[in-house]
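Structure first, then comments.
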Amino acid sequence: MIDLTLSQIREIEKITPTPVHVYSQDEIIKQTLQVNTAFSWNNGFREYYAVKACPTPGIISIMQQLDCGVDCASECELLLAKAMGFTGSQIMFSSNQTLPGEYSLAKQLGAIINLDDIGMIDFIQAECGIPEKICLRFNPGGEITNGNVIMSSPQDSKFGMTLPQVYEAVERCQSLGVKQFALHAFLVSNTTDDSYYPNLAHTLMKLAIDLNKKYGCRIFMLNLSGGIGIPYVPGQKAADLQKIGSEIKKLYDQLLVPSGLGDIAISCELGRYMTGPAGCLLTKAIHLKDTYKHYIGVNACAADLMRPAIYGAYHHITVVGKEAAKATRVYDVVGSLCENNDKFAIDRLLPEVDVGDYIIIHDTGAHGRSMGYNYNGRLRTAELLLCSDGSFKLVRRAETKQDYFATLDVSGLTF
Ligand SMILES: *Cc1c(COP(=O)(O)O)cnc(C)c1O
């Protein structure tokens, strides 16, 4: 979680008005090093940053300098990766319901292509020929439980292949000349349960051993995908990457090494863990309203951060300059959309807020601005990087009215 002082906000406003998404370079470096260190025992380890979480070169390049690759799922994400100089095995292409042309581009870039469905084997073969190295996305079905709490239902998820399909896929791929395989699975989103990754690694290791025995195929990578969560609520337990990494090393030494598979690379595609805590949405209280409830109207809206609106996600909120003040009033913190779900917080206990107060919505560095949209004619915010030297750098300008109107047929209209 990052904070901003009033004097920093004065600096920010010289560059771009609020609302604005702000990211901390130091925090991104810290998260990246935690992941890289946890898996430093594995020679081929690579974190592929899930581009969709924050598709901004000025942010991704911080992780690129620390040896991360990128995980893409669409043509534009691939083009962004290409423009940034990512090539070959630095790119994962984990798409689903893949559009025509996307596999061709991924193959041209030398990306590791992750097939979401057995039907994609013939699809890619027809489009551009299946590459000699391919990744298969496994969905074991069932439910994942954490104690008694069901966190996710892989059986209800649209992603991946069933176990029999994975076996069939290997046979089919081999018959088409595929020489090397990677295995991938993504079962739970935003979990801080330290057993999730080791359990998933265990599942994929056993599958790798079995496939290797049965088909003699070389497995070059096990990709644990995304899903490690962050403590959005203050006081919530954070994931312990060091512990997760060493648990997986134990399994690796117990299972893979004795099976002669001690050269398999481990990889992941974390998005939220990498940049989530490193970002915040800086906004301002512009109206107060008292009806059946107390409302703080801010100049940001769900178009800038839709997680609370679409799945009731918690984002911590602080009032700049009142961090130590007593929380004495229960508010709904709302944006301006003509949609009643445009609420960043419901019944949130906060210090007394005045019009003009700056409000920080925390942990918005992943799946924040990138989910933005233009409903109600709202323009998307700029993105600023708080650099390690304390300066602010604009890494994406705010959208303009011209951007908003650019896709219209405007013949005969003037704006
Ligand atoms: C979204 C996604 C990720 C990143 O998920 P996080 O929860 O942000 O870690 C990784 N891999 C794939 C295939 C995804 O769709």
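Start at 1 with the first residue, then count along the sequence. Just follow the structure's listing: the first ligand is 1, and inside any ligand the first atom is 1.
- Taking every heavy atom of Gly271 and a limit of under 4.0 angstrom, the matching atoms of ligand 1 come to 4 (C), 6 (P), 8 (O), 9 (O).
- The Arg272 neighbourhood of ligand 1 comprises atoms 6 (P), 7 (O), 8 (O), 9 (O), with distances under 4.0 Å to a heavy atom of that residue.
- Between the side chains of Asp193 and Ser195, at least one donor N or O sits under 3.5 Å from an acceptor N or O.
- Residue-ligand proximity, Ser94 to ligand 1, at heavy-atom distances under 4.0 Å covers atoms 13 (C).
- Close approach to Asp71 involves these atoms of ligand 1, each under 4.0 Å from a residue heavy atom: 10 (C), 11 (N), 12 (C), 13 (C).
- Remark: minimum distance from atom 10 (C) of ligand 1 to any protein heavy atom is reached at Glu269 O, 3.0 Å.
- The atoms of ligand 1 that sit less than 4.0 Å from any heavy atom of Ser225 are 10 (C), 11 (N), 12 (C).
- Neither the backbone nor the side chain of Tyr273 has any atom closer than 4.0 Å to an atom of ligand 1 (non-hydrogen atoms only).
- An N or O contact shorter than 3.5 Å is missing between Phe186 and ligand 1 by distance.
- His362 and Thr318 are linked by a side-chain donor-acceptor pair at a separation below 3.5 angstrom, with hydrogens and angles left out of the test.
- If you check the side chains of Tyr197 and Glu247, you find no donor sitting under 3.5 Å from an acceptor.
- Distances from atom 9 (O) of ligand 1 to the heavy atoms of Gly227, Gly160, Ala50 show the closest one on Gly227.
- Cation-pi geometry between Lys133 and Phe220 is met: under 6.0 angstrom from the ring centre, within 45 degrees of the axis.
- Using a 4.5 Å heavy-atom threshold, the side chains of Ile91 and Cys72 count as touching.
- Judged by distance alone, the side chains of Thr98 and Tyr103 do bring a donor and an acceptor atom under 3.5 Å apart.
- Cation-pi check for Arg348 over Tyr314 is met; the charged atom lies under 6.0 angstrom from the ring centroid and within 45 degrees of its normal.
- Lys52 NZ, 2.6 Å is the protein heavy atom nearest to atom 15 (O) of ligand 1.
- Within the 4.5 Å cutoff, the side chain of Val395 has no heavy atoms near those of the Pro57 side chain.
- Annotation for ligand 1: atoms under 4.0 Å from non-hydrogen atoms of Arg137 are 13 (C).
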